[in-house]
S.K.: 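Let me begin by handing over the structure; questions about it come next.
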Amino acid sequence: MSHPDNNQLKVLLEKDEIAKAVARIAAEIKQDYQGKRLLLIAVLNGSFIFLADLVRQLDMDIEIDFVQLASYYSATESSGKVTFIKDIKKPISGKDVLVIEDIIDTGITINFLLTHLKKMKPASLKLCALADKPSQRQITISIDYLGFTLPNKFIVGYGIDFDEQFRGLPYICYLEK
Ligand code: IMP
Ligand code: MG
């Protein structure tokens with residue numbers, strides 16, 4: 001696929017819809033983790049804007065760590081192979097861990113990460129995703145906090161890229177082919 005020009009971008013989720021979803025998720029998380037210290041593990045790069053908006057609404061005791069995984073290789077299809085570019089910095093045993101991801105598509109990427117983290121014996125391990133695209137799922141994944149369920153379209157914006165483009169868009173678009 002050649003580089004898309006902007007008339008291939010169609011707005012799917014406006015800024016205010018995203019903001020409402022983030023506020024709802026933040027309220028759910030605050031409710032569930034009352035009195036606890038929460039470790040957020042965000043998956044780079046796609047979750048960085050979602051994470052930034054979310055943590056500013058959490059108003060609770062949190063720590064943040066990051067992982068970076070290679071699984072997509074700048075194509076519009078998942079490759080099925082996942083490796084760590086960056087693993088977590090500190091041990092997580094005994095901690096309440098919430099993974100922050102942008103999109104769950106086949107489930108292969110997040111399954112790899114959750115399997116890895118589970119072995120490190122956290123006190124609890126939950127998943128928060130901005131978007132779920134369930135139609136291509138290959139592995140059953142339970143998403144504890146979810147922004148949107150979306151059709152099988154390639155999306156960009158609000159941190160999410162196509163070949164490193166469009167991350168800075170303040171809303172979410174799909175790419176028309
Ligand atoms: P999965 O392993 O198939 O679940 O793919 C999940 C990963 O692929 C996410 O972390 C995203 O980074 C990326 N991804 C999946 N769908 C899209 C999309 O529509 N736009 C951009 N990236 C996507
Ligand atoms: Mg990703």
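From a predicted model like this one, the values you see are computed outputs, not experimental measurements. Ligands are counted one by one from 1 in listed order, and the atoms in each one are counted from 1 as well.
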S.K.: Taking only heavy atoms of Ile155 into account, list the atoms of ligand 1 that are under 4.0 Å away from them.
M.R.: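 The atoms of ligand 1 under 4.0 Å from a heavy atom of Ile155 are 18 (C), 19 (O), 20 (N), 21 (C).
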S.K.: Strictly by modelled atom types, are Tyr145 and Asp32 linked by a side-chain donor-acceptor pair under 3.5 Å?
M.R.: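 Present: a donor and an acceptor within the cut-off.
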S.K.: Heavy atoms, side chains only, cut-off 4.5 Å: are Leu130 and Ile172 in contact?
M.R.: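 Yes; the side chains approach each other to less than 4.5 Å.
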S.K.: Please indicate whether any nitrogen or oxygen in Gly107 is less than 3.5 Å from any nitrogen or oxygen in ligand 1.
M.R.: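 Checking ligand 1 against Gly107, an N or O pair does fall under 3.5 Å apart.
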S.K.: Indicate yes or no: at least one non-hydrogen side-chain atom of Asp161 is less than 4.5 angstrom from one of Phe166.
M.R.: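 No, their side chains stay 4.5 Å or more apart.
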S.K.: Any chance the rings of Phe154 and Phe162 have centres within less than 6.0 Å?
M.R.: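 Ring-ring flag for Phe154/Phe162: true, centres closer than 6.0 Å.
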S.K.: Judging by distance only, is a nitrogen or oxygen of Ile104 under 3.5 angstrom from one on ligand 1?
M.R.: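 No, there is no polar N/O contact under 3.5 Å.
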S.K.: Are side-chain heavy atoms of Asp65 and Leu39 found at a separation under 4.5 Å?
M.R.: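 Of all side-chain heavy-atom pairs linking Leu39 with Asp65, at least one is under 4.5 Å.
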S.K.: Holding to ring pair (Phe, Tyr, Trp, His ring centres under 6.0 Å), I want the full list of residues that pass it with Phe112, two or more places apart in sequence or in another chain.
M.R.: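 Phe112 satisfies ring pair (Phe, Tyr, Trp, His ring centres under 6.0 Å) with Phe84 only.
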S.K.: Side chain, backbone, both or neither: which applies to Ile160 and ligand 1 if a contact is any heavy-atom pair less than 4.0 Å apart?
M.R.: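 Near ligand 1, Ile160 shows its side chain, while the N, CA, C and O stay back.
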S.K.: Nearest heavy atom to atom 11 (C) of ligand 1: which of Asp102, Leu175, Leu69 does it belong to?
M.R.: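 That would be Asp102.
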S.K.: May I ask you to establish whether Lys15 and Tyr171 are in a cation-pi arrangement, using a distance under 6.0 Å from NZ or CZ to the six-membered ring centre and at most 45° from the ring axis?
M.R.: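 Pair Lys15/Tyr171 does not count as cation-pi.
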S.K.: Report, in ascending order of atom number, the atoms of ligand 1 lying under 4.0 Å from any heavy atom of Ile108.
M.R.: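 Answer, ordered by atom number: 2 (O), 4 (O).
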S.K.: Below 4.0 Å from any atom of ligand 1, is there a heavy atom belonging to Val82?
M.R.: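 In this structure, Val82 fails to qualify as a contact of ligand 1 - no heavy atom is under 4.0 Å.
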S.K.: Quick one: do the Asp96 and Ser124 side chains pair a donor with an acceptor below 3.5 Å?
M.R.: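 Present: a donor and an acceptor within the cut-off.
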S.K.: Can you find an N/O atom of Lys133 closer than 3.5 Å to an N/O atom of ligand 1?
M.R.: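 Yes, since at least one N or O of Lys133 sits under 3.5 Å from an N or O of ligand 1.
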S.K.: Provide the number and element of each atom of ligand 1 under 4.0 Å from a heavy atom of Thr106.
M.R.: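 It comes down to these atoms of ligand 1: 1 (P), 2 (O), 3 (O), 4 (O).
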S.K.: Please classify the Lys153 to ligand 1 contact at 4.0 Å (heavy-atom distances, strictly less than): side chain, backbone, both or neither.
M.R.: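 Near ligand 1, Lys153 shows its backbone, while the atoms from C-beta on stay back.
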S.K.: List ligand 1 atoms under 4.0 Å from Asp161, heavy atoms only on the residue side.
M.R.: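 Those qualifying, in numeric order: 21 (C).
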S.K.: I'd like to check which ligand 1 atoms, numbered from 1 as shown, lie under 4.0 Å from a non-hydrogen atom of Thr109.
M.R.: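 Answer for ligand 1: 1 (P), 2 (O), 5 (O), 6 (C), 7 (C).
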